[in-house]
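Inspection log for the structure reproduced underneath, given as structure tokens.
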Amino acid sequence: MSDVSSPEAKPIRQLDHVVIRFAGDSGDGMQLTGDRFTSETAQLGNDLSTLPNFPAEIRAPAGTLPGVSSFQLHFADHDILTPGDAPDVLVAMNPAALKANVGDLPGGATVIVNVDEFNKRAMAKVGYATSPFEDDSLSGFTVHQVPLTSMTVESLAEYEVPKRDAVRAKNMFALGLISWLYSRPVESTIAFIERKFAARPEIATANVAAIKAGWAYGETTEGFAVRYEVKPATLPAGNYRNITGNTALAYGIVAAGVRSELPVFLGAYPITPASDILHELSRHKKFGVTTFQAEDEIAAVGAAIGASYGGALGVTSTSGPGVALKSEAISLAVALELPLVVVDVQRAGPSTGLPTKTEQADLNIALFGRHGEAPVAVVAASSPSDCFHAALEACRIAVQYRTPVILLSDGYLANGSEPWKLPEIDELPDLRVAFADGPNHTLDNGEEVFWPYKRDPQTLARPWAVPGTAGLEHRIGGLEKRDGTGDISYDPANHDLMVRTRAARIEAIEVPDLEVEDPTGDARVLALGWGSTYGPIGAACRKLRAAGQSIAQAHLRHLSPMPANLGKVLASYDKVIVPEMNLGQLSTVLRARFLVDVIGYQQVRGLPFTSTELESVFEEVVKNV
Amino acid sequence: MSDVSSPEAKPIRQLDHVVIRFAGDSGDGMQLTGDRFTSETAQLGNDLSTLPNFPAEIRAPAGTLPGVSSFQLHFADHDILTPGDAPDVLVAMNPAALKANVGDLPGGATVIVNVDEFNKRAMAKVGYATSPFEDDSLSGFTVHQVPLTSMTVESLAEYEVPKRDAVRAKNMFALGLISWLYSRPVESTIAFIERKFAARPEIATANVAAIKAGWAYGETTEGFAVRYEVKPATLPAGNYRNITGNTALAYGIVAAGVRSELPVFLGAYPITPASDILHELSRHKKFGVTTFQAEDEIAAVGAAIGASYGGALGVTSTSGPGVALKSEAISLAVALELPLVVVDVQRAGPSTGLPTKTEQADLNIALFGRHGEAPVAVVAASSPSDCFHAALEACRIAVQYRTPVILLSDGYLANGSEPWKLPEIDELPDLRVAFADGPNHTLDNGEEVFWPYKRDPQTLARPWAVPGTAGLEHRIGGLEKRDGTGDISYDPANHDLMVRTRAARIEAIEVPDLEVEDPTGDARVLALGWGSTYGPIGAACRKLRAAGQSIAQAHLRHLSPMPANLGKVLASYDKVIVPEMNLGQLSTVLRARFLVDVIGYQQVRGLPFTSTELESVFEEVVKNV
Amino acid sequence: MSETVAARTAFDLIPKATGPQAAKDFKSDQEVRWCPGCGDYAILAAMQGFLPELGLARENICFVSGIGCSSRFPYYLNTYGMHSIHGRAPAIATGLAASRPDLSVWVVTGDGDALSIGGNHLIHALRRNVNLKILLFNNRIYGLTKGQYSPTSEVGKLTKSTPMGSVDYPFNPLSLAIGAEASFVARTIDSDRKHLTSVLRAAAEHEGSAFVEIYQNCNIFNDGAFDVLKDPESRDEALIRLEHGSPITLGKDGQWAVVRTGWGLGVAETASVDPADIVVHDETVEDASYAFALSRLPGLDLRNTPIGVLRNVKRPTYDSIVREQLETAATSAPKEEELARLLNSGDTWTIL
Amino acid sequence: MSETVAARTAFDLIPKATGPQAAKDFKSDQEVRWCPGCGDYAILAAMQGFLPELGLARENICFVSGIGCSSRFPYYLNTYGMHSIHGRAPAIATGLAASRPDLSVWVVTGDGDALSIGGNHLIHALRRNVNLKILLFNNRIYGLTKGQYSPTSEVGKLTKSTPMGSVDYPFNPLSLAIGAEASFVARTIDSDRKHLTSVLRAAAEHEGSAFVEIYQNCNIFNDGAFDVLKDPESRDEALIRLEHGSPITLGKDGQWAVVRTGWGLGVAETASVDPADIVVHDETVEDASYAFALSRLPGLDLRNTPIGVLRNVKRPTYDSIVREQLETAATSAPKEEELARLLNSGDTWTIL
Ligand SMILES: Cc1ncc(C[n+]2csc(CCOP(=O)(O)OP(=O)(O)O)c2C)c(N)n1
Ligand SMILES: Cc1ncc(C[n+]2csc(CCOP(=O)(O)OP(=O)(O)O)c2C)c(N)n1
Ligand code: SF4
Ligand code: SF4
Ligand SMILES: [Mg+2]
Ligand SMILES: [Mg+2]
């Protein structure tokens, strides 16, 4: 943090970036608080990145460690890539929140605690034998003990709000205080509150009053001697909004429907952390988006296949356990050669695993998780806003090449957010494809016929002939079929041909070359990733470069097929380091394909990498090259 | 074939091996004919190998190409490895059978046709515009036109059998003739027929008469001038029987139950070509084997997991589509760390594919087909009789290491047969393991407790604590759990530890080193395979060696974990060639793991490799090394 | 749910054939490959004979099936068709029907396909009342996998997988369908083409999910399973032919009649009961208890088996409400504009 | 099926507790983590209170669940337990129960777990009559995934996944279970501990599959779903308490009575009907039509909801017949010898 004093009543220090974490009980409204602070920050033009973290339970018992919910926000006056490795500031609404998060704080961090909640019972519940303010467990930090609850209740004394509601407004008090501290405007939040509680104006009034009281507290208390300011970032010009990965992904699918002029049909069964895609898409019926909440994941993908067969853009969204269940049906889609987008918002496995935690261990099942030779395209998103573009790309491949595409996101992208420069609609790719409408083959006897498996010579895609098209009546299915006619065929040579053709179809998909970022141009080490590790890898590379080292970075959007230049890229570095939140699934693929001794670096903790961690790993590699 | 004349009425020529194929309509009883001829041949002490081939339809329309059913038998006076690349003799019961099979015959082959069926209509049905006996389409072969149907009917004139039954006995006439031709005794077949039709003696009599008539026809007709003889093979001493892969696999599971002293519980849903395992096991209740025909594959594996949890040896048998459906539940078993054997009798895919044809394209799904990091052990059988030993091995790993094991067989092994030297029961591995029966951990406070996830330091297996054991009550599930206590844990470091421990558990499984066969000791090329390619690879190596070339052969039983010496073995050859009936799935694993540029050779035709094909492929590699 | 729905018939949204059609127009060029004598042939012939009567554009008819002998059905019809995977046809057809109101979508399935692996999709399609015609060919056996017992096989059945007899109590497919809120439930039999056709007609005309069980002989693995219903000796005594609006009787000259017994329905000698007590069949009874009671009439020996339409009630279809919601939400603004509005929704800011 | 089966009771094969047990013996050391106020707490307390009464060895009791808030149940009981995967508990429990007659096996599941993804396993477990006690906690919502509608949610429900209202017609879980040949079907409610306990008792005593629907309040996502049955104002008019052998009445002073109406059952003013026409509840009626008719009594508004045991009939259990077959097949010869005989069966030959 850079310090610049200012000559006001309370001096304002300039910072280039801040990482702040709001933590409290599940019922304390930390996600909302974080969201609002994010929005204020976004309005100010900072670059930012967020990381919510909620318990697996709906409402774990109040005051317990498993019940802690938190929201981390990183904002800066420059372009940033991650929600921050460690918080500069922790707002802890109760002892559990302090206990659960204090371990993540670097020395010198600021801790703002709601001291009202630090009674004996509450502290004992989480194992504080003595008050943490009385021993030296917080000695390395700047601690502000703020009686958030009581001050909130007091500040609402003049309003006729029940005590319970007054107490609940304490998160808004905290928001007001923190907004003051970091010089964020609260107007938009006030407007938001008034919208949200339009039906219950007394609640709106109380919350607004709490915000203002928090702000006033900052201005008047002596506890806070300085304010901070983080200047807007110089981002490319344009319209921006803050967006989470799940919303961006859903928007990408809506956009694909618009740009392909196809109705979208989503078949989905709720599952964390993918459910919000279903929720979001169910709100966009005006775009002709149908959402079908199926009885299970198999029905969900089945219905999507049925809809695709009928000429819709068939999509199904799920997480790992659901992908496992869909395997057999995806294999059918491979045989049918129909468009299908399967969204996998990865979570920590195996089995039920850690449903609310992130991981990228489904690359294997995406690439290899079907019986027989059943290749599909695989695309991965690299940041929350990139989910939009990745979804469009998955849809492009699906409709243009008539193939299932697995789109990999993960829990970190799904719930994390960042500012997104809104694209111009007409610059989005044109995804229109033509349905078959007549014969496509001439028999030796001159007869014109329709062959459902006659391929486009370039894309190797078969025609998309939808029911309702006169003269194109045909039958398709999961049995092996003769190339061209599509008739059932038990011919050994034909089967061999079809197996190879299905593989060739995927390899024939045109994907852009892999781009490498190597500002100094002399890097001998490449850091290669895929998916949500983009942020931490990028941040680590920047740090390393800032420290005078050279390192190149590249990130794979396409896992199947892979970019044509990938082999060449790999060969042009002395060392390739591949960080993954799994046990080395991409490493394995690269090693097999290119016989390159890539160095894998793995952590499987249900959390994203920190850039610091990766920086030191990369540094080690760079030093030893 | 070596020719040795003999001085009898009809000269007998000695042959060292013969490949014979019986082909006819699905209703013609070709499988039975082949089975009986196989049995007679086995009794004579030849080594042999068989390959049945049936249509996907239950009864395709009579006289059509898709309705042809065939059975190929290779027998020899020496140890052989495959059912033979191409038939020396084809018995064709109708025009469809001739048409469907004639393309597989090498020049000089013998063709015995049931000329009675070659009427205009029947020939036209399969596209013979003119009689194949009248054009020169069979000119390269020795053709015997035998009126099998009419002679059978005639020979039964004296018995009171309905015409229809008389006509149906023509396969037995053919069997009698061929038995005569190759000097096989028919007594055991006669006994078999009498047993089989004990309830309908007139049918038994007719069939026996038909066999004898066929034999007599051979002795008297001038059409057959010589008889052949194939001397017994000098196989290791012992008791032998002929056995198919599915039967051997089922026996292996029964044996595992006996040797582990555990009840066996099979949960299965019928599917080609695995159903016979269910059928066979359902007949062995006396061993305490319970078979549960479930409502689907998920319930089948679920019930097996439930039974394992209760202290049984839980097994589930299926084919590729079923494995896909079971993925999620197998992942649960990975998390539960319970024994489970999943039998995958692979068939040609993707999707429904070619259900009656063979393939080995499920290695990927076995190794990688689950969400999250969910490693399991994978074992493959290499020949029909080896299915017995592979099943025992899979069960050993499952119970000893408390892990799911996927046992890979395939359609070729399942239905093919070979002589099997019966093992001594007490030489089979001892699979007994102890259930947990008391506390296994002492807390800091000295209390003795039971920790369901406390591991054996060597096997890394957790205790198998079955319900009903007092004091060991505990709860397990698919959520991540703390190592040791097994309590649900959201701790990042613990998750990382558990993910790595589950991987380490599989790597900790002790498997024997890979053995290499290299008789000359100077081979520079290694042919490495897995699964049912053992026979053709071995036969090709033998041929190559017989031609004076050196080549080494090794075959993987363990695909996960792999033998410890595998890397060293690979490194000690200039070239490694890996033939697979898929698009190179093992090759990919080897390349990734050992960075060895193995040469893959693939055919995906739903049929086993021929040794000739592999011989020329290997020769090419050996020449260029 | 709304006027629109009530006003619609099953065919309103489906294009009609432009000229006359004949059975042969519905035969595909694929060779039929069931065992000689299989009951599936008769059902196919009845369907090919019936479809022209529907008068729909052939290209707007689609058959979706799972896996099994029965599921080969779509290959033999010159309409659109999909032979999908085991048990999943109702799910796939749901996606198709929900997104294409202009299609007549039929599901063909077997007792294993529909009731074993596919049981869940079946009951959910029925409760949703998706506009599908589901034909379950019940041969009480797994045909394609060569003769294991199925969820409709009688207890104690000796098959390859049950050498000591099967243990599972069978489903009564009609009871299950009624328990799953089916709005149309019927049964017919392969050997009676006229009856089969009449039931297909009623199913086709029903708006919503129509569930039709068709007893089908598998002469290879379960020959004669329905002989008691086919044999001229026994059939009159065994079969109950339901006709809407007529008293339910069976036997020669209506010797037996269906009356209330206990808490359900039973069969009594007609002569011994008050004619007013004879149940007059009404397929439109709202209370599913009636159709359920009918479904319980047959004993395990198949005596007193009702055929015909047991239940046929109106309920809004899933797809029609889905369409209504889409229509309600629709705007006339160009989609491109709407998309721009969507992306720009929420808190946005501008960097210059 | 046989003498043995008939003679057995549900507990014959299960070891008994050696000493007295108390509720606290059944509390595990895990912290209970439902939302404060969740109906699951009451069910847990009732279960912990009830289990000692069973008198079985604690280690011979096992709870198997799927995934959902309700499926956390096993963690909180100090018995054996498995928290498995979504929807599959009945299948897993089937394998356990079929191979371990000495266990009392309970399945705990939710309306999503049991009726959505797990519908097929549920209906198959019921038809097979596997010796399982299946408790379906019906809160008419997906709790754990934060509030999507479930297969028992009323039509038109506004949830995150149905902003314009849900479209699917709900299952009636009891009708579905009866249609699936369930031998024991009951319903109870989280708020009435005494009734809940009585139903648990009846279920435990039933030999075979017992299906129990428990109305459970999810105060976070579907609060008050069953208020009409709980509110002292309305409950007497809404709840029908079934008691075996008693006339079925409801309302203050039995103001209303259940009688035949149409082809099923309905509710009429007691004063207006002949007392002899009031249905006397008999849970043992063989004909499932009776229990089915009872299951249809409630309207979509939950008025006239019967609670208690609707159906309780004897039918051989899957596991007992499986055991009988194993016993019949068993031999006294050492297994090793039998194995040698098996391997040597068929045509063998010897090479010297
Ligand atoms: C996932 C999967 N499991 C199992 C099978 C094997 N299988 C194919 S059809 C069938 C059952 C057929 O029975 P049914 O539905 O009654 O049809 P039928 O052949 O009797 O007409 C089975 C088990 C399969 N194809 N796919
Ligand atoms: C295969 C799979 N699909 C989806 C999920 C997500 N999921 C967990 S619980 C649940 C539904 C819970 O509803 P219900 O069974 O009614 O239980 P409740 O939480 O209401 O008690 C869903 C969809 C999952 N865990 N696994
Ligand atoms: S096996 Fe049975 S059902 Fe299948 S085609 Fe043959 S006769 Fe028909
Ligand atoms: S979400 Fe509902 S069902 Fe789940 S624990 Fe909370 S109150 Fe109970
Ligand atoms: Mg069937
Ligand atoms: Mg629920």
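Remember, it's a predicted structure, so these values are computed and weren't measured experimentally. All heavy atoms count here, side chains included; hydrogens, waters and symmetry mates do not.
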### Message
Applying side chain to side chain contact (heavy atoms under 4.5 Å, CB included) to B/Leu325 and A/Ile298, what does each step give before you reach the verdict?
### Response
CA-CA 9 Å; B/Leu325 288 167; A/Ile298 305 178; 3.9 Å; yes
Measure [X] against the heavy atoms of chain B and call it side chain, backbone, both or neither at under 4.5 Å.
{"X": "A/Val323", "answer": "neither"}
{"X": "A/Ser587", "answer": "neither"}
{"X": "A/Val598", "answer": "neither"}
{"X": "A/Leu497", "answer": "neither"}
{"X": "A/Pro355", "answer": "side chain"}
{"X": "A/Glu359", "answer": "side chain"}

Between the main-chain N or O of [Y] and the side-chain N or O of [X], is there a donor-acceptor pair closer than 3.5 Å?
{"X": "A/Arg605", "Y": "B/Pro492", "value": "no"}
{"X": "B/Asn364", "Y": "A/Phe368", "value": "no"}
{"X": "B/Asp496", "Y": "A/Val604", "value": "yes"}
{"X": "B/Glu373", "Y": "A/Leu583", "value": "yes"}

### Task
Kindly indicate, with the supporting measurements, whether the criterion side chain to side chain contact (heavy atoms under 4.5 Å, CB included) is fulfilled by B/Arg500 and A/Gln602.
CA-CA 10 Å; B/Arg500 291 176 200 271; A/Gln602 295 108 24; 4.2 Å; yes
Under 4.5 Å, counting heavy-atom pairs only, tell me which of [options] racks up the most with chain A.
{"options": "B/Arg591, B/Arg370, B/Lys357", "value": "B/Arg591"}
{"options": "B/Ala374, B/Gly353, B/Gly320, B/Pro375", "value": "B/Gly353"}
{"options": "B/Ala361, B/Ala592, B/Ala366", "value": "B/Ala592"}
{"options": "B/Ala324, B/Ala503, B/Gly478", "value": "B/Gly478"}
{"options": "B/Leu595, B/Leu607, B/Val596", "value": "B/Leu595"}

### Message
Need one label for B/Arg502: side chain, backbone, both or neither, based on atoms under 4.5 Å from any heavy atom in chain A.
### Response
side chain
#### Entry: Pairs of heavy atoms under 4.5 Å with chain B: top-ranked of A/Gly606, A/Gly369, A/Gly477
A/Gly369
#### Entry: Residue, of A/Pro66, A/Gly372, A/Ser489, A/Ala329, that accumulates the most heavy atom pairs under 4.5 Å with chain B
A/Gly372
### Message
Would you say A/Gln346 and B/His371 are linked by a side-chain donor-acceptor pair, where the criterion is simply a distance under 3.5 Å?
### Response
no
### Message
Around atom NZ of B/Lys481, are there more than 12 heavy atoms from other residues, nucleotides or ligands closer than 6.0 Å?
### Response
yes
### Task
Can you establish whether the number of heavy atoms outside B/Lys575 located under 6.0 Å from its atom NZ is more than 12?
no
### Query
Looking only at heavy atoms, what is the nearest atom pair of A/Ser331 and B/Ser351, with distance?
OG-N, 2.9 Å
